[in-house]
Protein chains: 2
Amino acid sequence: MLLRLNHHSGVPIYLQLIEQLKHAIETGALRGGDQLPTIRKLAEDLVMNPNTVARAYRELEHEGVIELRHGSGAFVPESVVSRAKVMRKAQGIVQSAMDRLASLQLSEDEIRRLVENELALLRNNESEITLD
Amino acid sequence: MLLRLNHHSGVPIYLQLIEQLKHAIETGALRGGDQLPTIRKLAEDLVMNPNTVARAYRELEHEGVIELRHGSGAFVPESVVSRAKVMRKAQGIVQSAMDRLASLQLSEDEIRRLVENELALLRNNESEITLD
DNA sequence: AGTTGTGTATTAGTCTACTAATACACTATA
DNA sequence: TATAGTGTATTAGTAGACTAATACACAACT
């Protein structure tokens, strides 16, 4: 398994870990039933605190991507296989949208704001203040 | 001009201001050549520190959306009119993509991660760590 | 020139996200 | 039931983002 981490990007390590582990599952590097590296083992290899790895694992479990067994380890459930297909489809949607946006000369921050705006609309929880 | 602000959403006020002011321009509530509300005036109306408004204005200028004239005020340059069209197009792209993603039952965080992933790919600045 | 209204800069306080240090609790196996 | 290996919980330190307090600098107008 190959993990790409960047300690100087400003992106929290635990988020990068989540992304990379998901990628490993989606590409088949990790398959249903497989056991993931131990929290301590991975923390040692990556030279970081076990809690940081634990946080990534915890969130992955919360999203249903992995399964944590207290005292035993972390495992990839069989069910994620079909989910991987969905994620690949989603990734394609995002990629084509980003490509089209990039050709419009938008900055990254502007793209992020458009996305956040749409997400907020799908949620809808705002109050109003009126000026003359 | 109507401003929608939410002090309890966790989204920084200055970012909400940026979004709302852009929206005002894109919808035509603010037109080319118009003067925006004074920093102090807007800060007073919205009951916040002038620096917070100033920050929003500063970033909007950095993005070319408004023009700051030291001692005079903040203005909407004529050039933003064509840009508004581009932004409307971009907004449409994002909206359709978000709709399709939402129908795939993705969480907001998952969508954000896909977006960040694509943005990173368009940039490309990572180092690798290999595990056995 | 003076005055008033404008944006700008500096500094500091507060809050939260992130990471780490450390101790705890569960499970498997001998 | 002992022990080694696993995930879990609590607490604290650090850094950065956000906002505010305050003083500065420029521009228009008399």
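Labels below follow one simple rule: chain letters A, B, ... track the order of the sequence lines, proteins then strands, and each chain is numbered from 1.
The two residues B/Leu36 and B/Val76 have their closest heavy-atom pair at CD1-CG2, 3.4 Å. Residues B/Pro37 and B/Met1 come closest through the heavy atom pair CG-CE, 3.6 Å.
Distance B/His62 NE2 to C/dT8 C1': 16 Å, rounded to the nearest Å. The CD1 atom of A/Ile39 sits 15 Å away from the C1' atom of C/dT27 (whole-angstrom rounding). Atom pair B/His7:NE2 and C/dC15:C1' shows a separation of 17 Å (rounding to whole Å applied). Computed from coordinates, the B/Met48 CE to D/dC18 C1' distance equals 12 Å when rounded to whole Å. Look at CD on B/Glu44: it is 11 Å from P on C/dT6, rounded to the nearest Å. If you take CG of B/Leu5 and P of D/dT19, they are 11 Å apart, rounded to a whole angstrom. Summarising the geometry, the separation between CZ on B/Arg40 and P on D/dA20 is reported as 15 Å, rounded to the nearest angstrom. Between the P atom of C/dT19 and the CD1 atom of A/Ile18 lies a distance of 10 Å, rounded to the nearest Å.
Atom CD of B/Glu61 sits in a crowded spot, with more than 12 heavy atoms from other residues, nucleotides or ligands closer than 6.0 Å. Residue-environment remark: CD (B/Glu44) stays at or below the threshold of 12 foreign heavy atoms within 6.0 Å.
By the criterion of side-chain heavy atoms lying less than 4.5 angstrom apart, applied directly or through intervening Ile, Leu, Val, Met, Phe, Trp or Tyr residues, B/Phe75 is not grouped with B/Leu30; the two fall into different hydrophobic clusters.
B/Leu5 places a side-chain heavy atom less than 4.5 Å from the side chain of B/Met48. Annotation: side chain of B/Leu104 is not in contact with side chain of A/Met87 (no heavy-atom distance under 4.5 Å). Residues B/Ile13 and B/Leu46 form no side-chain contact, since every pair of their non-hydrogen atoms from C-beta on lies 4.5 Å or further apart.
No donor-acceptor distance shorter than 3.5 angstrom exists from the side chain of B/Arg4 to the backbone of B/Gln20, with no hydrogens or angles considered.
In this structure, A/Thr52 reaches the C/dA20 phosphate: one of its side-chain N or O atoms is under 4.0 Å from OP1 or OP2. Taking 4.0 angstrom as the limit, A/Asn49 places a side-chain polar atom (N or O) nearer than this to OP1 or OP2 of C/dA21.
Using a 4.0 Å cut-off on heavy atoms, the residues of residues 65-75 of chain B that approach DNA chain C are B/Leu68, B/Arg69, B/His70, B/Gly71, B/Ser72, B/Gly73, B/Ala74, listed by number.
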Pairs: protein N or O with nucleotides 16-18 of chain C N or O, under 3.5 Å:
{"residue": "C/dC18", "atom": "OP2", "partner": "A/Tyr14", "partner atom": "OH", "Å": "2.8"}
{"residue": "C/dC18", "atom": "OP2", "partner": "A/Arg55", "partner atom": "NH2", "Å": "3.4"}

